[in-house]
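Down below is the structure, laid out as structure tokens.
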Amino acid sequence: MEASTAPGTRCLLDENTFTENFMNQISVRKTYLCYKVEILDGDAWVPLDEYKGFVHNKGANQPGQPCHAELYFLDRIRSWNLDQELHYRLTCFISWTPCHTCAQNLATFLGENSHVSLRIFASRIYSLAGYEAGLRTLQAAGAQIAIMTSKEFEHCWETFVDHQGRPFQPWDELEVVSQHLCEKLQAILQTQQN
DNA sequence: ATTTTCAAT
């Protein structure tokens with residue numbers, strides 16, 4: 001379980017963990033965040049596979065302070081000490097969109113690190129307590145925020161899952177739910193003020 | 001058309 005993020009282990013999710021957490025038509029009380037890093041070389045983005053991996057939140061049912069996945073992600077980014085003279089693009093695939101507080105923290109990070117761009121693809125929209133304003137703040141800080149479509153789910157499967165050679169198998173309603181969430185997110189991000 | 005969701009009614 002926790003060994004999945006221990007040093008020295010391969011940074012791949014098992015199939016069930018991926019599917020259980022990223023299925024977009026159900027609600028799950030935990031969050032997984034897969035990330036990858038690319039560096040700008042001329043006009044091309046070159047993958048830095050050594051910075052590929054995933055984190056998940058620590059819930060209130062576990063020892064110690066609860067912590068959202070995004071904060072672990074920020075910890076990892078800071079630990080890399082990315083060269084400020086270069087430009088990086090971080091892409092994360094997260095099972096819930098960031099909450100209000102995490103969105104603010106990510107926005108602050110982007111404001112302080114102009115050599116880093118952030119793209120977020122989310123499976124579901126976390127919609128509690130100020131989430132809309134949080135997402136707008138994050139977008140205003142330069143992040144691209146989008147909903148995962150079958151393209152992103154398949155990419156995640158290929159990139160972050162220990163799939164043993166098996167192809168990604170979309171679940172029922174994946175496209176319908178994704179489309180609906182895309183529209184909902186667009187409505188949130190296009191709203192002015194607040 | 002879509003709300004209970006980074007757990008604990």
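Sequence lines set the chain letters: A, B, ... in the order given, protein chains first and strands last, and positions in each chain run from 1. Nothing here was measured: the structure is a model prediction, and the numbers come from that model.
For the contact set between residues 66-75 of chain A and DNA chain B, defined by any heavy atom under 4.0 Å, the members are A:His68, A:Ala69, A:Glu70. Across residues 93-108 of chain A, A:Trp96, A:Thr97, A:Pro98, A:Cys99 each have a non-hydrogen atom less than 4.0 Å from an atom of DNA chain B (numbered order).
Nucleotides of DNA chain B that come within less than 4.0 Å of any heavy atom of chain A span, from the 5' end to the 3' end, B:dT2 to B:dA8.
Judged by distance alone, with hydrogens and angles left aside, the side-chain atoms of A:Arg124 form a donor-acceptor pair with the main-chain N or O of A:Met23 at under 3.5 Å.
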Determine all donor-acceptor pairs shorter than 3.5 Å in which one atom belongs to a side chain in residues 102-110 of chain A; sequence neighbours excluded.
from	atom 1	to	atom 2	distance (Å)
A:Gln104	NE2	A:His100	NE2	3.2
A:Asn105	ND2	A:Thr101	O	3.4
A:Thr108	OG1	A:Gln104	O	3.0

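A ring-centre distance under 6.0 Å is not found for A:Phe22 and A:Trp96. Aromatic rings from A:Phe121 and A:His155 are positioned such that their centres are separated by 6.0 Å or more.
Counting only N and O atoms by type, the side chains of A:Thr91 and A:Arg119 include a donor and acceptor under 3.5 Å apart. Side chains of A:Gln179 and A:Glu183: a donor-acceptor N/O pair is present below 3.5 angstrom, by distance only. Side chains of A:Ser178 and A:Glu175: a donor-acceptor N/O pair is absent below 3.5 angstrom, by distance only.
Residue-level contact check: A:Lys184 touches neither bases nor backbone, having no heavy atom under 4.0 Å from any strand.
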*Criterion ring-ring contact (aromatic ring centres under 6.0 Å, His included) on A:Tyr126 and A:Tyr131, from CA distance to verdict*: CA-CA 7 Å; A:Tyr126 185 82; A:Tyr131 74 102; 7.9 Å; no
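Within the hydrophobic cluster formed by Ile, Leu, Val, Met, Phe, Trp and Tyr side chains joined at under 4.5 Å, directly or through other members, A:Val176 stands alone, with no partner residue.
Counting only residues at least two apart or in different chains, ring pair (Phe, Tyr, Trp, His ring centres under 6.0 Å) contacts with residues 71-92 of chain A comprise A:Tyr35-A:Phe73, A:Tyr35-A:Trp80, A:Trp45-A:His87, A:Tyr51-A:Trp80.
B:dT9 and B:dT5 have their C1' atoms separated by 15 Å, given to the nearest Å.
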